[in-house]
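Here is the structure we will look at, set down as structure tokens.
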Amino acid sequence: MTTEQWQEVYDNFYYYKHQIDKLCDDYYLPSDKIKAKGFMDEAYNKIKYNSVLLELFNKKGNINDLKDISQFSYAVSIFLNEIKTFNL
């Protein structure tokens, strides 16, 4: 992947993490849960169908953490750090 492609992956996942963090205060509204699930599904699918990203993600984490709201932010943080040291 080119540097630009890696940057796009980084930016996408940083955005997902930021949105999930904003939604996850001390409580959820039902609409927040729906939004959060949407972000999580999108992130999960982007990694699940990309063998390079899947391998990179699974170096330090578990792709199923992207489906767990309590693990999502932590898992993506590790993934972002991995991308930074890997290519950017």
message = Contact between Leu66 and Val76 at the side-chain level, heavy atoms closer than 4.5 Å - yes or no?
response = yes

request  = Indicate, with yes or no, if Ile47 and Tyr15 share a hydrophobic cluster defined by side-chain heavy-atom contacts under 4.5 Å among Ile, Leu, Val, Met, Phe, Trp and Tyr.
outcome  = yes

task = Under the side chain to side chain donor-acceptor pair (under 3.5 Å) rule, collect the residues that match up with Ser70, sequence neighbours excluded.
result = Asp68

key: Set of side chain to side chain donor-acceptor pair (under 3.5 Å) partners for Ser73, sequence neighbours left out   = Lys17, Asp21

query = Taking a hydrophobic cluster as the set of Ile, Leu, Val, Met, Phe, Trp and Tyr residues connected by side-chain heavy atoms closer than 4.5 Å, whether directly or through intermediates, do Val52 and Val9 fall within one such cluster?
reply = yes

query = Which distance, rounded to the nearest 0.5 Å, do you find between the NZ of Lys84 and the CH2 of Trp6?
reply = 14.5 Å

note = Residues passing the salt bridge (charged side-chain N to carboxylate O under 4.0 Å, His left out) test with Lys67, sequence neighbours excluded, are none

ask   = Can you name the residues that form a side-chain contact (heavy atoms from CB on, under 4.5 Å) with Lys33, not counting sequence neighbours?
value = Tyr28

task = To the nearest 0.5 angstrom, please state how far the OH atom of Tyr14 sits from the OG atom of Ser77.
result = 9.5 Å

Those residues that, when tested against Asn12, pass side chain to side chain donor-acceptor pair (under 3.5 Å) (two or more places apart) = none

key: Set of side-chain contact (heavy atoms from CB on, under 4.5 Å) partners for Gln5, sequence neighbours left out   = Met1, Thr2

Under 3.5 Å, side-chain donor or acceptor atoms of residues 34-44 against the rest of the protein: list the pairs with distances, not counting sequence neighbours.
| unit_1 | atom_1 | unit_2 | atom_2 | d |
| --- | --- | --- | --- | --- |
| Lys37 | NZ | Asp41 | OD1 | 3.3 |
| Lys37 | NZ | Asp41 | OD2 | 3.0 |
| Glu42 | OE2 | Tyr16 | OH | 3.0 |

note = Contacts of Lys48 meeting salt bridge (charged side-chain N to carboxylate O under 4.0 Å, His left out) (sequence neighbours excluded), chain-then-number -> none

query = Rounded to the nearest 0.5 Å, how far apart are CG of Leu23 and CD1 of Ile69?
reply = 7.0 Å

ask   = Which residue pairs pass the ring-ring contact (aromatic ring centres under 6.0 Å, His included) test with at least one member in residues 53-76, sequence neighbours excluded?
value = Phe57-Phe79

task = Mind jotting down which residue pairs meet the salt bridge (Lys or Arg N to Asp or Glu O under 4.0 Å) criterion with at least one end in residues 53-64? Sequence neighbours excluded, please.
result = Lys59-Glu82, Lys60-Glu82

ask   = Given the rule that I, L, V, M, F, W and Y join up when any side-chain heavy atoms are under 4.5 Å apart, are Leu80 and Leu54 in one cluster?
value = yes

request  = Please report the shortest heavy-atom distance between Asn58 and Ile63, naming the atom on each side.
outcome  = OD1-N, 3.2 Å

note = Sorted by chain and number, sequence neighbours left out, side-chain contact (heavy atoms from CB on, under 4.5 Å) with Asp11 holds for Gln7

